[in-house]
Amino acid sequence: MSFLSSASPKLPPWKVLLVDDEPDIHDITKLTLSRFRLDGRALSFVHAYSGAEAKQVLARESDVALVFLDVVMEKEDSGLEVARWMREDLNNQFTRIVLRTGQPGQAPEERVIVNYDINDYKEKTELDRTKLFTTTFAALRAYRDIMKVEEARLAQLNYREGLERVIAASAHIFQQRNLRDFASGLLQQVVALLRLETSMLLRLRGASAVSGEQDFEVLARIGAGEGDEDELILSAELLAQLNDAKRNKISRLHGDTYVGYFPNSSGKASLLVLKGVEEISEIDAQLLDVFCSGVAIAFDNILLNQEITDTQAELILRLGDVVESRSNEAGNHVRRMSEVCQLLAQASGMADEETAVLKHAAPMHDIGKIATPDAVLLKPGKLDAAEWEIMKQHPAVGLSILDGSQRPILKAAAVIAHQHHEKFDGSGYPQGLVGHAIHLYARIVAVADVFDALMHKRCYKDAWPVAQVVAHLREVSGQHLDPVYVELLIQNMDKALAINERFPD
């Protein structure tokens with residue numbers, strides 16, 4: 001990938017400072033060198049008529065290539081003081097200095113060359129046209145070569161620092177296992193590497209059933225439009241650029257917007273959108289290449305892991321549906337429970353990874369009912385004592401089905417299946433656990449399960465109004481249910497009701 005135009009930029013003229021208290025010297029020097037060229041670059045002259053003025057100019061102008069410096073001006077050693085100040089105080093080791101004097105006895109050549117870091121010493125009388133040209137040519141060529149070496153040194157230093165940033169960035173994002181966390185981390189690091197403000201990471205997803213064309217899914221975005229995903233996606237200009245990358249399978253620079261195309265072995269190409277990239281250097285482009293080549297492998301692994309996780313979660317959800325449908329529960333019961341569990345977990349500040357595990361494991365809470373006889377499971381009336389004892393076996397059955405797996409979701413599902421009928425005051429079953437001895441996941445599932453059961457019609461009851469549900473939740477808080485999660489549910493009741501609307505019976 002390359003962010004750079006193939007056209008070579010036009011280089012500015014060489015900047016030459018003339019320091020002399022005689023205006024005629026300035027005029028003669030300019031006239032003599034008016035046609036001078038080195039590497040196709042002419043000369044640009046800056047003027048100073050005293051040592052003090054020369055210091056002001058040099059402090060202001062950082063790209064002076066050559067100074068023609070008179071020795072005797074306001075003082076007998078003004079030029080020598082400027083030369084010393086340039087090297088020692090200003091720390092300018094690159095600008096070439098040619099001393100010119102009309103009074104060589106005031107500053108003998110041998111002493112000046114030994115004591116001052118100058119590059120040439122000329123008497124004004126010997127600087128005819130030819131000597132002035134050759135002196136200027138030699139000084140500027142030396143300056144050019146020195147600057148090339150310095151630029152190469154700085155480039156190497158910047159590249160090393162950049163690689164260190166790449167390594168640090170890679171180490172950070174490779175710790176992320178969730179696809180969107182990974183994408184967000186990746187985008188933050190790319191933006192930091194290239195010092196940008198606006199960017200977006202998308203991936204191609206399945207063909208649209210309406211148009212037959214592929215769609216774009218935003219994984220992460222930074223900068224303008226962060227709060228309005230559609231505005232970014234539906235911008236006609238950006239959409240055309242994304243379609244260009246998708247259709248031609250290439251990365252391309254569109255003005256100040258770079259759209260990068262990154263295919264992966266899973267077949268779901270990623271698209272990186274970077275704004276404000278017209279001035280990205282060659283080194284930054286190389287750093288992005290290094291970064292993305294390593295990230296591509298990790299991205300493939302993340303996508304593969306995500307696919308496995310999604311498949312596992314869907315299988316669990318479908319198995320939960322089977323159990324609930326067998327017991328004549330509402331079709332979307334497990335989906336609503338899963339969403340409400342996620343809501344409560346997020347509201348409590350649970351880590352994203354742990355929240356995802358709970359969300360995917362919750363649908364398996366009643367898996368043990370698969371072994372409950374129909375006569376008990378489907379009985380419309382109240383269960384007698386013997387039937388109740390049979391029903392109370394389903395948590396232990398659920399544990400026996402799920403126990404022993406080392407997969408985080410199935411391990412969590414085993415705990416939830418076993419403990420979701422425990423009660424906060426210890427009156428639940430099958431173990432009679434009290435308070436925080438009940439696993440956090442099971443306490444959250446219990447709140448979500450009771451809420452959903454009360455809010456929806458069952459074979460043995462009608463749906464309750466919201467006010468009655470809230471009153472009942474407060475009544476059993478601290479007895480049946482963990483009061484912390486009861487209160488979080490009540491505080492977020494509008495969101496819980498929105499979940500019910502999304503997944504109706």
Side-chain angles (χ1 to χ4, degrees), residues 12-38 41-151 153-154:
W14 304 101
K15 189 175 289 187
V16 177
L17 173 61
L18 304 178
V19 185
D20 202 297
D21 57 357
E22 298 181 45
D24 289 348
I25 296 296
H26 290 255
D27 295 338
I28 292 170
T29 304
K30 282 184 63 176
L31 181 62
T32 304
L33 297 174
S34 61
R35 297 185 178 180
F36 179 93
R37 297 290 186 277
L38 172 62
R41 300 166 64 180
L43 303 181
S44 170
F45 293 97
V46 185
H47 302 273
Y49 297 89
S50 67
E53 190 178 351
K55 289 182 179 180
Q56 293 176 357
V57 172
L58 288 164
R60 183 178 69 245
E61 307 280 348
S62 61
D63 57 346
V64 174
L66 170 61
V67 177
F68 280 109
L69 184 58
D70 189 13
V71 175
V72 181
M73 290 179 285
E74 66 265 44
K75 296 180 181 179
E76 292 183 352
D77 63 347
S78 292
L80 297 178
E81 166 56 21
V82 170
R84 183 207 63 76
W85 176 85
M86 281 180 64
R87 300 304 193 209
E88 296 179 10
D89 295 357
L90 193 60
N91 197 28
N92 181 342
Q93 309 300 324
F94 305 122
T95 300
R96 302 295 86 194
I97 302 175
V98 175
L99 276 183
R100 295 195 295 187
T101 181
Q103 304 173 45
Q106 293 294 112
E109 180 176 356
E110 184 176 334
R111 179 177 68 82
V112 170
I113 290 292
V114 170
N115 295 334
Y116 294 88
D117 182 9
I118 64 171
N119 308 105
D120 207 346
Y121 184 101
K122 299 292 184 184
E123 294 183 27
K124 292 180 180 179
T125 54
E126 68 174 308
L127 274 177
D128 56 19
R129 181 185 180 284
T130 302
K131 284 287 183 67
L132 187 58
F133 181 90
T134 56
T135 298
T136 302
F137 196 94
L140 289 180
R141 185 162 55 187
Y143 175 81
R144 177 198 64 189
D145 295 343
I146 289 171
M147 292 309 295
K148 283 182 178 178
V149 171
E150 177 63 10
E151 287 169 4
R153 185 187 71 82
L154 290 176

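Count residues from 1 along the sequence. In this text, all values refer to a predicted model and were calculated from it rather than measured experimentally.
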Participant: Hey, are the side chains of L99 and D120 touching, using non-hydrogen atoms and a 4.5 Å cut-off?
Facilitator: no
Participant: Measure across F68 and T136 and return the closest heavy-atom pair with its distance rounded to 0.1 Å.
Facilitator: CZ-OG1, 3.3 Å
Participant: Under the side-chain contact (heavy atoms from CB on, under 4.5 Å) rule, what do R84 and D89 come out as? Steps first, then yes or no, please.
Facilitator: CA-CA 8 Å; R84 183 207 63 76; D89 295 357; 3.3 Å; yes
Participant: Closest heavy-atom contact between L66 and T95?
Facilitator: N-CG2, 4.0 Å
Participant: Can you check whether L140 reaches R41 side chain to side chain, under 4.5 Å on heavy atoms?
Facilitator: no
Participant: Going by atom types only, do T135 and R96 share a side-chain donor-acceptor pair under 3.5 Å?
Facilitator: no
Participant: With heavy-atom distances below 4.5 Å as the criterion, would you say the side chains of L18 and V46 are in contact?
Facilitator: no
Participant: Which residues satisfy the side-chain contact (heavy atoms from CB on, under 4.5 Å) test with E61, sequence neighbours excluded?
Facilitator: K15, V57, D63, V64
Participant: Please report the C-alpha distance between H26 and F45 in whole Å, then the side-chain angles of each, then the deciding distance to 0.1 Å, and finally whether the ring-ring contact (aromatic ring centres under 6.0 Å, His included) criterion is met.
Facilitator: CA-CA 9 Å; H26 290 255; F45 293 97; 9.5 Å; no
Participant: Can any side-chain N or O of D77 pair as donor or acceptor with the backbone N or O of L80 at less than 3.5 Å?
Facilitator: no
Participant: In terms of heavy-atom contacts, does CZ of R37 have more than 12 from other residues, nucleotides or ligands at under 6.0 Å?
Facilitator: yes
Participant: For V19 versus S50, what's the shortest heavy-atom pair and its separation?
Facilitator: CG1-O, 3.9 Å
Participant: Run the numbers on K122 and V98 for side-chain contact (heavy atoms from CB on, under 4.5 Å), then give the verdict.
Facilitator: CA-CA 7 Å; K122 299 292 184 184; V98 175; 4.3 Å; yes
Participant: I'd like to check the side-chain contact (heavy atoms from CB on, under 4.5 Å) partners of L90; sequence neighbours left out, ordered by chain and number.
Facilitator: L58, W85, N92
Participant: Between E81 and K55, is there a side-chain N and carboxylate O pair less than 4.0 Å apart?
Facilitator: yes
Participant: Do you know the tightest heavy-atom contact between P13 and S44?
Facilitator: CG-CB, 3.7 Å
Participant: With no hydrogens and no angle check, is any side-chain donor or acceptor of E150 less than 3.5 Å from a backbone partner on F94?
Facilitator: no
Participant: Between atom CD1 of I97 and atom CD1 of I118, what is the distance when rounded to the nearest 0.5 Å?
Facilitator: 7.5 Å
Participant: Please round to the nearest 0.5 Å and tell me the distance separating atom CZ of R100 and atom CD of E123.
Facilitator: 13.0 Å
Participant: Just how far is it from atom CG of N91 to atom CE of M86, taken to the nearest 0.5 Å?
Facilitator: 11.0 Å
Participant: Which heavy atom of W14 sits nearest to which heavy atom of L38, and what is that distance?
Facilitator: NE1-O, 3.1 Å
Participant: Check whether any side-chain heavy atom of L132 sits under 4.5 Å from a side-chain heavy atom of R129, and report yes or no.
Facilitator: no
Participant: Say whether, by atom type as modelled, one donor and one acceptor occur between the side chain of Q93 and the main chain of R87 under 3.5 angstrom.
Facilitator: yes
Participant: Taking all non-hydrogen atoms of both residues, which atom of F133 and which atom of F36 are closest, and how far apart?
Facilitator: CE1-CD1, 3.4 Å
